[in-house]
Amino acid sequence: MVKINENYLKLPGSYLFSEVARRIKVYSDAHPDAKITKLSIGDVTRPLVPAVVEAMHQAVTEMGTTEGFHGYGPEQGYDFLRDVIAQYDYRDRGVDIDPEEIFVSDGAKSDCGNIGDIFGVDNVVAVCDPVYPVYVDTNAMAGRAGEYQEELGRWNKLVYMPCVQENGFTPVPPQEKVDIIYLCFPNNPTGAVASRAQLKAWVDYANENGSVILFDSAYEAFITEDDIPHTIFEIEGARTCAIEFRSFSKTAGFTGTRCAYTVVPKELNRDGASLNKLWNRRQCTKFNGVPYVIQRAAAAVYTPEGREQTRANIAYYQKNAQVIREGLSQAGFTVFGGANAPYIWVKAPHNMGSWDFFDLLLDRAHVATTPGVGFGPSGEGYIRLTAFGDAEATAQAVARIQALAHHK
């Protein structure tokens, strides 16, 4: 009889965002007249910008000709896209990244989960708490997390680094030695950012201990403060200890178009092996590349028109974040994030639990959020709201939450 991967049987319940969607549907079915505003799942709402759409149209036309047709492309990505990424996302910031260190993919979520393929099962993994669930769940699927402790809401082999109000939701390197370190800044879900000094401490720790930092910077385009790093590679020493994940999903509205990339420096070696070569080997075996049409669309983001247009969409979401942050603060809630990130982290009133606060806002204000406890034990007592909704609907949702707060 076939044997299954028993690690999947250890996973608790369902994936967080699937559970949030299920609960919203149950409520909506029971209250068909309720108009729910979803500030829960971080999906964008602004359409693709004209420069991107035009590039896609041109690429589709090319594909309909004999001379312009493209079949299998390079698993690492076409040079035309890797070159502009290296120039605009890195060299323009004074960071030297070779296009051969850039691997184009169909999403940062995929890469964050798949990167574990090149690491042994017996590595000690450290995650922020609260944390994007993909980091935890994919390590559990691979067998690195151990057993799930239901009463604690955590895995017994993972090292959880509390990100709480007392430390500004930014962890410090642990006392014990860990091998793989997941960091996400600007952070999902708390919206916190890390300073150069804080990131330098992590880089030094990783180099001293032979660790690898897996740095998710999917939200770097939302940074507004000048002194906040946009990439881990702005930090001296990062090229010998870090891998970075980037995405076009929130930057250019590609959540349904699917394009991202991962940077693996050539200097990054562990256990006598080049991680750049290992990741290349993995991708060549398990991935057939992102479609030509999509990569042409992504390259258009870097044109003068594309950069201006996508910047306008980002500003739209940044304004939503400001409306949520200021509106809930005025209503008396304790609010974090939203300044350098599209996420707002809100403390539940009166020591209310995350799911209870979720239910209250859904039932009384018809606003869907994401319970903080779903991101880890330290997220209990918080909810996350996203700024990716329609501006008018977002303002109305904030007004309903304010009315609820004043009524109570």
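What you see is a predicted model, and the numbers here were worked out from it, not measured in a lab.
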Working note: Ile85 + Phe248, criterion side-chain contact (heavy atoms from CB on, under 4.5 Å); need CA distance, chi angles, decisive distance, verdict.
CA-CA 11 Å; Ile85 289 171; Phe248 293 94; 4.3 Å; yes
Going by distance alone, is a donor N or O of one side chain under 3.5 Å from an acceptor N or O of the other, for Glu225 and Asn340?
yes
Does any donor atom in the side chain of Tyr219 or Asn187 lie under 3.5 Å from an acceptor atom in the other side chain?
no
Examine the side chains of Tyr317 and Gln322 and answer whether a donor and an acceptor come within less than 3.5 Å of each other.
no
Are side-chain heavy atoms of Phe358 and Asp356 found at a separation under 4.5 Å?
no
Does Arg311 come within less than 4.0 Å of Glu308, counting only side-chain N to carboxylate O?
no
Exercise answer: donor-acceptor pairs, residues 174-181 side-chain atoms, under 3.5 Å, sequence neighbours excluded:
from	atom 1	to	atom 2	distance (Å)
Lys177	NZ	Asp179	OD1	2.9
Lys177	NZ	Asn209	O	3.4
Asp179	OD2	Val124	N	2.7

Near Gln87 CD, under 6.0 Å, is it more than 12 heavy atoms from other residues, nucleotides or ligands?
yes
Check: Gly42 main-chain N/O paired with Lys250 side-chain donor or acceptor under 3.5 Å
yes
Under 3.5 Å side-chain donor-acceptor pair for Tyr182 and Tyr132:
no
Sort out for me which residue in Phe185, Trp202, Phe233 forms a side chain to side chain contact (heavy atoms under 4.5 Å, CB included) with Phe215.
Phe185
Identify whether the distance between the nearest side-chain nitrogen and carboxylate oxygen of Arg82 and Glu101 falls below 4.0 Å.
no
Please check if atom CG in Asn156 has more than 12 non-hydrogen atoms from other residues, nucleotides or ligands closer than 6.0 Å.
yes
Side-chain donor-acceptor pair under 3.5 Å between Glu244 and Thr231, yes or no?
yes
Non-hydrogen side-chain atoms of Ser247 and Phe254 separated by less than 4.5 Å
no
May I ask you to say whether Glu19 pairs ionically with Arg23, meaning some side-chain N is under 4.0 Å from a carboxylate O?
yes
Result for side chain to side chain contact (heavy atoms under 4.5 Å, CB included) between Arg46 and one of Ile314, Asn313, Asp390 points to Asn313
Applying the side chain to side chain contact (heavy atoms under 4.5 Å, CB included) criterion to Leu275, which one of Val212, Ile115, Asn269 satisfies it?
Val212
Per side chain to side chain donor-acceptor pair (under 3.5 Å), Thr37 is matched among His366, Arg400, Gln396 by Arg400
Classify the side-chain pair Thr240/Glu267 by whether it contains a donor and acceptor separated by less than 3.5 Å.
no
Is the number of heavy atoms from other residues, nucleotides or ligands within 6.0 Å of NZ (Lys10) greater than 12?
yes
Parallel, tilted or perpendicular: rings of Tyr382 and Trp345 (30°, 60°)
parallel
With distance as the sole criterion, is a donor-acceptor pair present between the side chains of Asn123 and Arg144 under 3.5 Å?
no
Please check if any side-chain donor atom of Thr285 sits under 3.5 Å from a side-chain acceptor atom of Arg281, or the reverse.
yes
Around Lys266, counting heavy atoms of other residues, nucleotides and ligands shown, do more than 12 lie under 6.0 Å from its NZ?
yes
Do Asp117 and Lys286 meet the salt-bridge criterion of a basic N to acidic O distance under 4.0 Å?
yes
Answer yes or no: is there a donor N or O on one side and an acceptor on the other, between the side chain of Asn207 and the main chain of Gly237, under 3.5 Å?
yes
Side chains of Asp106 and Ser110 only: does a donor on one sit below 3.5 Å from an acceptor on the other?
yes
Check ion pair Glu305-Arg307 (N to O, under 4.0 angstrom):
no
Any luck finding a side-chain donor-acceptor pair between Asn288 and Glu75 under 3.5 Å?
no
Ion pair check, Asp89 and Arg93, cut-off under 4.0 Å
no
